[in-house]
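What follows is a short report on a single structure.
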Amino acid sequence: MSYDFNTIEAKWQTYWADKGTFKAENYSNKPKYYVLDMFPYPSGAGLHVGHPLGYIASDIYARYKRHKGFNVLHPQGYDSFGLPAEQYAIQTGQHPAITTKENIARYREQLDRIGFSFDWSREVKTSDPTFYKWTQWIFTELFNSWYDKDADKARAISELEKLFSEEGNTKVKAVCDEEVTLFTAEAWNGFSSKEKQEIVLKYRLTYLAETEVNWCPQLGTVLANDEIVNGVSERGGYPVIRKKMTQWSMRISAYAQRLLDGLHTIDWPQPLKDSQTNWIGRSEGASVTFRVKDHNEVIEVFTTRPDTIFGVSFMTLAPEHELVAKITTPEQKAAVDEYIEATAKRSERDRMADVKTISGVFTGAYAEHPFTKEPVPIWIGDYVLAGYGTGAVMAVPCGDQRDYDFAKHFGIEIPNIFEGVDISQEAFADKEKTVIANSDFLNGLNYKKAVKTAIYELEKLGQGEGKINYRLRDAVFSRQRYWGEPFPVYYVDGMPQMIDLKHLPIELPEVEKYLPTETGEPPLGRADVWAWDTEKNEVVPNSLINYTTIFPLELNTMPGWAGSSYYFNRYMDPNNEDEIFSQEAINYWKEVDLYIGGSEHATGHLLYARFWQKFLFDKGIVPVDEFAKKLINQGMILGTSAIVYRISGTNKYVSKGLKDQYDAEELRVDVSLVNFSDELDLNGLKNWQPQFKDAEFELENGKYIVGREVEKMSKRWYNVVNPDGVCDQYGADSLRLYEMFLGPLEQAKPWNTAGITGVHGFLKKLWKLYHNGEEFVVGETAPTKDNLKTLHKTIKKVEEDIESFSFNTSVSTFMIAVNELTAQKCNSKVILEPLLVLISPYAPHIAEELWNKLGHTTSISTTAFPVFDESYLVESTKQYPISFNGKMRFTMELSLDLSKDDIEAAVMAHEKTQQQLAGRTPKKIIVVPGKIVNIVG
RNA sequence: GCUCAAGUGGCGGAAUUGGUAGACGCGCUGGAUUCAAAAUCCAGUUCUUUCGAGAGUGUGGGUUCGAUUCCCACCUUGAGUACCA
């Protein structure tokens, strides 16, 4: 019987599903292990061969851990809210839920064919009301919490209100909005309910605020900072402008320091940690207050170099800074207004593209230096960003290149406050070599001491303090979209009210169209049944709104990252209707042990998920404050596009080798039209698209050879390879082996279908080893020394490979093992059984089939991983006493079957040996023919 | 500019407490089988060579008996990030 992979694979996939082989129990005597993939967004295009790469790796690890005696949780689900389904709905009118359902069915079919060991009984979908009930609940929990800086954790709002009523807000150290005014307990108790709500809102971990947001007119929605790339939207590449809107925000900035600290406790890739560190952007320094002369105003600046305070020769405000209008003198007003208008016109993108141009204008006003009391001119300039720090800087031209360039350009004085440094050409920014001069009490001090002293003196004056600044901004949480989680929020007198857990989920209402309304409201503004009855506690028609018992509901929906910020915990107890998950379940599984997914989520999903986990930890809902111990970024699988060359203005195509003789343009054609040797199927091309119907070709050696380009797999390049096709032709086991064999997991690598014959050949050889024609044959004789050596070599290597996630080299190891056993004519059951266990994580179907043929009635996945025995590898080593030059004696360890004479001759013949051994008495020399390999001692 | 990662045959890539560089696969060459092709099997395949050997892991140095591996400088490529005060 030949290796009929299609039948075998279908058979075992059905078996696993029927028997529930991979169903995980929440209680076990075995140690637990949680292997997770980043769940997919089910797009209409289906899976291409790049998608399963990470899933195959995690599946291998999950299956390996089962062999190692772990109770393994390996679930899968869908991140099923999102833009593509909504945009399809806008175009076709089809409900996104239908599109999503179809796409999920297609994904499931494709995933099932690859033979993953997912526990599908735990499947979650973020767009499923039974799931987003808990997304809504977490939102209300965040709303009902504030961040206490003293306790360094989130606490209940009720406790904050109690503090306010007892002592006002003067002593409370909380993370809150900047413009909070101080009040006493008496004042608090005298406030109206609405005033109280307005104040508390400034403290909540999710809050409503008038914020300047990134508005994308084409998409009709706001975008988070990480959804913008180079000033245009990540999706679609549309321009983004700044606009003020009332939006929900998440106070992630409260967790900035803990998000930073937590990175040291988790085993994640360094580049990913670096980009999170960068995104959080902690910088240590001081805030300094400058009085504005002739005005009752102060300018607060943040600086990382308080030691250079005596080098300040001007100040710069961002053009958007609120003080600009107040302090500009009448003489300068025209110039300032003109400059502000010019800046506003320039898009974010232009501003970034053109960093070199120095621009700015003097306001006419002066500030007072805190120590010297000298006047400091106040300028505005667009090199100062309104969104960072306080939007104002104290300019020290001798110590900062941008300040230096600005001062040079406008002829502002550049005082030198560094000892022994020439600043005639450029600023001096080397902290290590800094010695301060011309600076009163800071003279002669180095950087560290000067910083300390300056802050101390500023504090004495009451004009500054040490401060840590973070780049991390609060995350906008509202989207003007239909296909997302609705907020469990209604409004009474303009103030948001949360709907209690017992009435959740608040399900998405039906709408006629999925576009924003004519008045610019989000799509939910089109819903007719979208009001909240506070007596019946249910959603009722808008027509009933009376503002006494029935109120309007929130029209925004949540962003894509809401559901993905905690789904990994929900898998632990996914069908629980009463709780997000039981405490028993979360305390058993605790956290993800291994998380595999793409690096593109570094500053989005992976940061928000850590934030929510820390919040849930503060609330005592989860037992650990980092959700994933280890994370691996799998690399992308790239496509290999095929290119034909058309002579410009004609319908003639020339083969790759001839293209330089013509003025030819490049066209991409479907990769399935090209064989392994880059030869194009001419008739296939003619039938592929009408434009090629009458194509003429100029061939080389009778063939049309295409050009190749490695680039991202995408429909528009016609380079997508579908896993179903690979499974049809070679089988899922070949696909799995080949995806691993392609190269290291973390690296980006091009797909090349030609190479798959290699791993497919291996499976055929493995099959042949057990079969004599149609008959299944297994040897009952005892294994030889060589057989055992091959086996244990393989056990050792495969175990090391899996533990270090070097799945690519394991495939080679299997090939070597099967080649050796074939050469040894070994089909001994004693060898083959453990070998199958080794192979089963990679190629589970064939392993299961042969395991079954060996007479086992249980799944191979329940079998223990074979134990490595070193004695089979070192047995052939012998030790010989050797004399050298008639003086020294040492021992030789021979790992090859060579005679003593051979070795001695080899050592003597080797010229370098005498130098190497001069004056040394080695204990042991490892030798191979002609060379000394290792001298020990 | 800054940060990080990586440079090994025609190609993907092996090789870690520093010890036979190029495993394994693709491709290519030759052979067997076949009327022929596909499939399969066997042998060869870093470069140079006067067939003795010599050179060789981006470049130049260093440490070592010995370096793809460790150290220094440089070059190249990729990724991320950027007027962050």
Side-chain angles (χ1 to χ4, degrees), chain A residues 2 229-230 269-279 281-283 285-286 288 301-306 308 315-316 318 351-352 354-358 381-385 387-396 399-403 405-406 429 469-471 599-600 602-603 633 635-636 676-678 708 737-738 741-744 746-762 764-765 768 797 804 806 808-817 819 822 895-896 910 912-920 922 925-936:
Chain A
S2 61
V229 178
N230 294 330
Q270 197 54 44
L272 197 153
K273 286 187 184 182
D274 289 346
S275 68
Q276 288 208 352
T277 305
N278 211 317
W279 192 259
R282 176 191 156 109
S283 54
V288 184
V301 301
F302 174 75
T303 177
T304 55
R305 298 295 303 273
T308 62
M315 302 189 70
T316 315
R351 251 165 102 163
M352 283 201 300
D354 164 47
V355 214
K356 296 281 180 295
T357 314
I358 296 158
D382 66 2
Y383 80 96
V384 176
L385 305 174
Y388 182 77
T390 60
V393 299
M394 57 175 230
V396 183
D400 181 287
Q401 194 57 43
R402 285 158 307 162
D403 294 344
D405 294 340
F406 195 89
N469 200 49
Y470 298 92
R471 196 179 78 110
S599 56
E600 66 274 18
T603 53
N633 291 131
M636 213 189 315
F676 298 161
S677 325
D678 292 351
R708 291 291 200 173
L737 282 169
Y738 188 55
F741 184 70
L742 270 176
E746 294 93 333
Q747 258 174 44
K749 47 215 169 254
W751 178 267
N752 176 10
T753 305
I756 205 167
T757 54
V759 293
H760 187 63
F762 154 71
K764 284 203 262 191
K765 275 188 204 167
K768 258 176 72 175
K797 188 70 168 58
S804 63
S806 311
N808 52 328
T809 51
S810 283
V811 184
S812 305
T813 309
F814 294 141
M815 290 179 180
I816 295 167
N819 282 342
T822 305
S895 49
L896 295 172
H910 206 271
K912 284 184 186 162
T913 307
Q914 299 200 15
Q915 301 161 24
Q916 289 176 15
L917 294 180
R920 287 149 52 93
I925 299 185
I926 296 177
V927 180
V928 295
K931 272 183 190 168
I932 292 179
V933 174
N934 196 7
I935 299 175
V936 182

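Sequence lines set the chain letters: A, B, ... in the order given, protein chains first and strands last, and positions in each chain run from 1.
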Counter-base of [N], judged by Watson-Crick or G-U geometry with both distances under 3.5 Å:
| N | result |
| --- | --- |
| B:G80 | B:C2 |
| B:G27 | B:U45 |
| B:A32 | B:U40 |
| B:G7 | B:C75 |
| B:U57 | none |
| B:G52 | none |
| B:U17 | none |

side-chain contact (heavy atoms from CB on, under 4.5 Å) assessment of A:Phe741 paired with A:Ile756: CA-CA 9 Å; A:Phe741 184 70; A:Ile756 205 167; over 6 Å; no

If you define the side chain from C-beta out and look only at heavy atoms, does anything of [X] sit under 4.5 Å from [Y]?
| X | Y | answer |
| --- | --- | --- |
| A:Val393 | A:Tyr388 | no |
| A:Met815 | A:Val759 | yes |
| A:Asp403 | A:Tyr383 | yes |

Classify [X] by what it touches in the nucleic acid, base, sugar-phosphate, or nothing, heavy-atom distance under 4.0 Å.
| X | answer |
| --- | --- |
| A:Asn808 | sugar-phosphate |
| A:Asp274 | sugar-phosphate |
| A:Lys765 | sugar-phosphate |
| A:Pro750 | nothing |

Nearest to side-chain heavy atoms of [X], which nucleotide of [options]:
| X | options | answer |
| --- | --- | --- |
| A:Val393 | B:A85, B:C24, B:C83 | B:A85 |
| A:Pro744 | B:A23, B:A85, B:A14 | B:A14 |
| A:Thr809 | B:A15, B:A85, B:A82 | B:A15 |
| A:Tyr388 | B:G13, B:C84, B:A23 | B:C84 |
| A:Phe741 | B:A39, B:C84, B:G12 | B:G12 |
| A:Lys764 | B:A39, B:C4, B:C84 | B:A39 |
| A:Asn819 | B:G25, B:A14, B:A23 | B:G25 |
| A:Thr304 | B:U40, B:G80, B:A85 | B:A85 |

[X] side chain N/O closer than 4.0 Å to the phosphate oxygens (OP1, OP2) of [N]?
| X | N | result |
| --- | --- | --- |
| A:Gln747 | B:G13 | yes |
| A:Arg402 | B:C84 | yes |
| A:Tyr383 | B:A85 | no |

Just confirming the chi classification of B:G9, syn or anti, using 90° around 0 as the syn window.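 Syn.
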
Name the orientation of the base relative to the sugar in B:G52: syn if the glycosidic angle is within 90° of 0, else anti.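 What B:G52 shows is a syn base, its glycosidic angle lying within 90° of 0.
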
Which is more 5' along RNA chain B, the nucleotide nearest A:Pro271 or the one nearest A:Thr303? Just name the residue.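 Its nearest nucleotide lies further toward 5', so the answer is A:Pro271.
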
